[in-house]
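The next block holds one structure in the form of structure tokens; read it before the comments.
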Amino acid sequence: MQPGELAILYASVWQAIFGVVEIASVPEHDPTRQRWAWRFAIRPLVVVRDLENAPPVEAAGIFPQSLWRHSHVRLTEEQFAEARRLVEAAAG
């Protein structure tokens, strides 16, 4: 991920997508961490305020099994477009 790229936020417990964000900083690596060693700042563009209203990840053609044990996955252009449309609709 690089500054200016867009991403979809995913809530794993709810298996729902809830935000569209812009990557706002260069990724930084913390070699002292074994998990979640990479981090970067994000700028929210659209966020669903209540996760109860967030669309299920499957609605965007993304299956929860593909997300398990990953901090991020690359979406196809179609998956991203549909996820963004769903999040924007749920955010009102």
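These numbers were taken from a predicted model, which means no experiment stands behind them.
Contact annotation: the side chain of Arg49 never approaches that of Val47 to less than 4.5 Å [non-hydrogen atoms, C-beta and beyond]. Considering only heavy atoms from C-beta on, Phe18 stays 4.5 Å or farther from Val87 through its side chain. When side chains are defined from C-beta on, Leu6 counts as touching Leu45, because their heavy atoms get closer than 4.5 Å. Side-chain contact check for Pro3 versus Glu22: every heavy-atom pair is 4.5 Å or farther apart.
The environment of CD in Glu5 is crowded: more than 12 heavy-atom neighbours from other residues, nucleotides or ligands sit within 6.0 Å.
Just one of Ile42, Val20, Ile17 meets the side-chain contact (heavy atoms from CB on, under 4.5 Å) condition when paired with Leu9; it is Ile42. Tested against His29, the residues Trp38, Phe40, Trp36 include a single ring-ring contact (aromatic ring centres under 6.0 Å, His included) partner, Trp38.
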Show me, pair by pair, the donor-acceptor contacts under 3.5 angstrom made by side chains of residues 79-86, not counting sequence neighbours?
residue	atom	partner	partner atom	Å
Gln79	OE1	Thr76	N	2.9
Gln79	OE1	Thr76	OG1	3.4
Gln79	NE2	Gly61	O	2.8
Glu82	OE1	Arg85	NE	3.1
Glu82	OE2	Arg85	NE	3.4
Glu82	OE2	Arg85	NH2	2.6
Arg84	NE	Glu88	OE2	3.0

